[in-house]
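Below you'll find the structure, written out as structure tokens, and then a few comments.
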Amino acid sequence: MQDDSRANVAVIGAGIMGTAIVTRLIETGHTVSVFDLDAEKVAALAAKGAKTASSVADAVSAAEFCVLSLNHANIVRAVVFGEKGVAAAANAGKLLIDMSSIDPAETADMAKRLRAETGMAWVDCPLSGGVPGALSGKLTIMAGGSPEDFERARVVMRHLAANYTLMGASGAGQTTKLINQLFCAVLFQSVAEAVKLAEAGGVDPAAIPAALAGGRADSRIMQEFMEKFAARDFSPTGRIDNMLKDLDSLQAFALKTKTPLPMTGAVVEIHRLLCAAGLGPKDSAEMMRLLDGFQAG
């Protein structure tokens, strides 16, 4: 390690969030190696100072920490245990930090297997706060793992997160992320419906956040997104299909644990309807198109 606050970090996955994470880590003095199947994304990060790797194992071999930013548990499993994957270069001196949003049970299973086969520990660190939060180091990160590994990961997390909390053993971070997504999905739908109700009543919906600030109905989602939804501003801040992926995981977990989620179930189907209408890759503000009867499209 270079000093007590800088490290050699491998980042696997150079999508929207992975790119923001790499950018922030470089800016805060870490040495970062990156691997992604998309050569253009890797080249863009190399121009910012990242080292490129020929494989996942190549990236991990010189790193103390391996950060994953991937879309699905199957991809995480392949990256960790597949040919020239994380496990091929793993040892007890390295730590895997999974910032993907995946199933809690699969996370716990993979963490147990990686430690048993290689000695490498795993901390699940799903995030909230998106690209702006990553670039400013103000993410909210809910972690799962041992207290010792949670503290080890702080060398990296201190430059990415303003709120970094240990929620329990492996998988607990992912469970907390599902709860985060439950709140977000329901609140996004509530904001969309509130915009329509305000418009129907002749009230400027953009004035609602200031009027309700500090009251029980206040929320960061209302403050950040109500004006955006009211303006039919469809600029990207997050994808509907990514939210649906998380909501599907949430429903599967609820089914497994026999947890009733009637309101969430309705919101899941709204997201599924939006995806069926071809709006999956679009921003959550596209919810307004549905309530507008797709007239705005």
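Starting from 1, each residue takes its place in the sequence as its number. Note that the coordinates shown come from a computational prediction; the quantities given were computed from them, not determined experimentally.
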Polar contact flag, side-chain donor to acceptor under 3.5 angstrom, [X]-[Y]:
{"X": "Lys112", "Y": "Ser170", "value": "no"}
{"X": "Arg24", "Y": "His30", "value": "no"}
{"X": "Asp283", "Y": "Thr237", "value": "yes"}

Could you go through the side-chain contact (heavy atoms from CB on, under 4.5 Å) check for Asp292 and Lys196 one step at a time? CA-CA 8 Å; Asp292 289 337; Lys196 290 297 290 186; 2.8 Å; yes
Measuring from [X]:[atom1] to [Y]:[atom2], what's the distance to the nearest 0.5 Å?
{"X": "Thr118", "Y": "Asn91", "atom1": "OG1", "atom2": "CG", "value": "7.5 Å"}
{"X": "Met226", "Y": "Ser190", "atom1": "CE", "atom2": "OG", "value": "10.0 Å"}
{"X": "Leu70", "Y": "Ile102", "atom1": "CG", "atom2": "CD1", "value": "8.5 Å"}
{"X": "Ile12", "Y": "Ile75", "atom1": "CD1", "atom2": "CD1", "value": "13.0 Å"}
{"X": "Gln251", "Y": "Leu261", "atom1": "CD", "atom2": "CG", "value": "7.5 Å"}
{"X": "Arg152", "Y": "Lys94", "atom1": "CZ", "atom2": "NZ", "value": "10.5 Å"}

Applying the 4.5 Å side-chain criterion to the ILVMFWY set and letting contacts propagate, would [X] and [Y] be lumped into a single cluster?
{"X": "Ile21", "Y": "Leu37", "answer": "no"}
{"X": "Val11", "Y": "Leu68", "answer": "no"}
{"X": "Phe229", "Y": "Met243", "answer": "yes"}
{"X": "Phe225", "Y": "Leu291", "answer": "no"}
{"X": "Val60", "Y": "Leu95", "answer": "no"}

[X] atom [atom1]: more than 12 heavy-atom contacts under 6.0 Å:
{"X": "Lys84", "atom1": "NZ", "value": "no"}
{"X": "Gln181", "atom1": "CD", "value": "yes"}
{"X": "Ile16", "atom1": "CD1", "value": "no"}

Shortest non-hydrogen contact between [X] and [Y], atoms and distance:
{"X": "Phe81", "Y": "Met110", "value": "CZ-O, 3.6 Å"}
{"X": "Ala217", "Y": "Leu212", "value": "CB-CD1, 4.3 Å"}
{"X": "Asp36", "Y": "Gly15", "value": "OD2-N, 4.2 Å"}
{"X": "Met287", "Y": "Ala185", "value": "CE-O, 4.4 Å"}
{"X": "Pro126", "Y": "Ser101", "value": "CB-OG, 4.1 Å"}
{"X": "Lys228", "Y": "Ala285", "value": "NZ-CB, 3.8 Å"}

Side chain of [X], backbone of [Y]: donor and acceptor closer than 3.5 Å?
{"X": "Thr165", "Y": "Met142", "result": "no"}
{"X": "Glu286", "Y": "Pro281", "result": "no"}
{"X": "Glu64", "Y": "Asn8", "result": "yes"}
{"X": "Arg232", "Y": "Ala230", "result": "yes"}

With side chains defined as the heavy atoms from C-beta onward, is the minimum distance between [X] and [Y] less than 4.5 Å?
{"X": "Met99", "Y": "Ile141", "answer": "yes"}
{"X": "His271", "Y": "Asp248", "answer": "no"}
{"X": "Met167", "Y": "Thr175", "answer": "no"}
{"X": "Leu197", "Y": "Glu193", "answer": "no"}

Does the pair Lys48 and Thr23 meet the rule for a side-chain contact (heavy atoms from CB on, under 4.5 Å), with working shown? CA-CA 7 Å; Lys48 296 182 178 182; Thr23 300; 3.0 Å; yes
Please lay out, stage by stage, how Leu279 and Phe294 fare under the test side-chain contact (heavy atoms from CB on, under 4.5 Å). CA-CA 11 Å; Leu279 298 175; Phe294 291 99; 3.8 Å; yes
Parallel, tilted or perpendicular, judged at 30° and 60°: which one describes the rings of Tyr164 and Phe150?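 Answer is parallel, since the angle falls under 30°.
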Could [X] and [Y] be called an ion pair, given the rule that one side-chain N must be under 4.0 Å from one carboxylate O?
{"X": "Asp124", "Y": "Lys177", "value": "no"}
{"X": "Lys51", "Y": "Asp58", "value": "no"}
{"X": "Arg272", "Y": "Glu269", "value": "yes"}

Hey, which of Val267, Leu187, Leu250 is the one that makes side chain to side chain contact (heavy atoms under 4.5 Å, CB included) with Leu182?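 Of Val267, Leu187, Leu250, side chain to side chain contact (heavy atoms under 4.5 Å, CB included) with Leu182 is met by Leu250 alone.
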Result of checking Leu96, Ile97, Asp149 against Trp122 for side chain to side chain contact (heavy atoms under 4.5 Å, CB included): Leu96
As a quick check of understanding, evaluate side-chain contact (heavy atoms from CB on, under 4.5 Å) for Phe253 and Gln174, giving each step before the final call. CA-CA 11 Å; Phe253 186 74; Gln174 298 293 355; over 6 Å; no
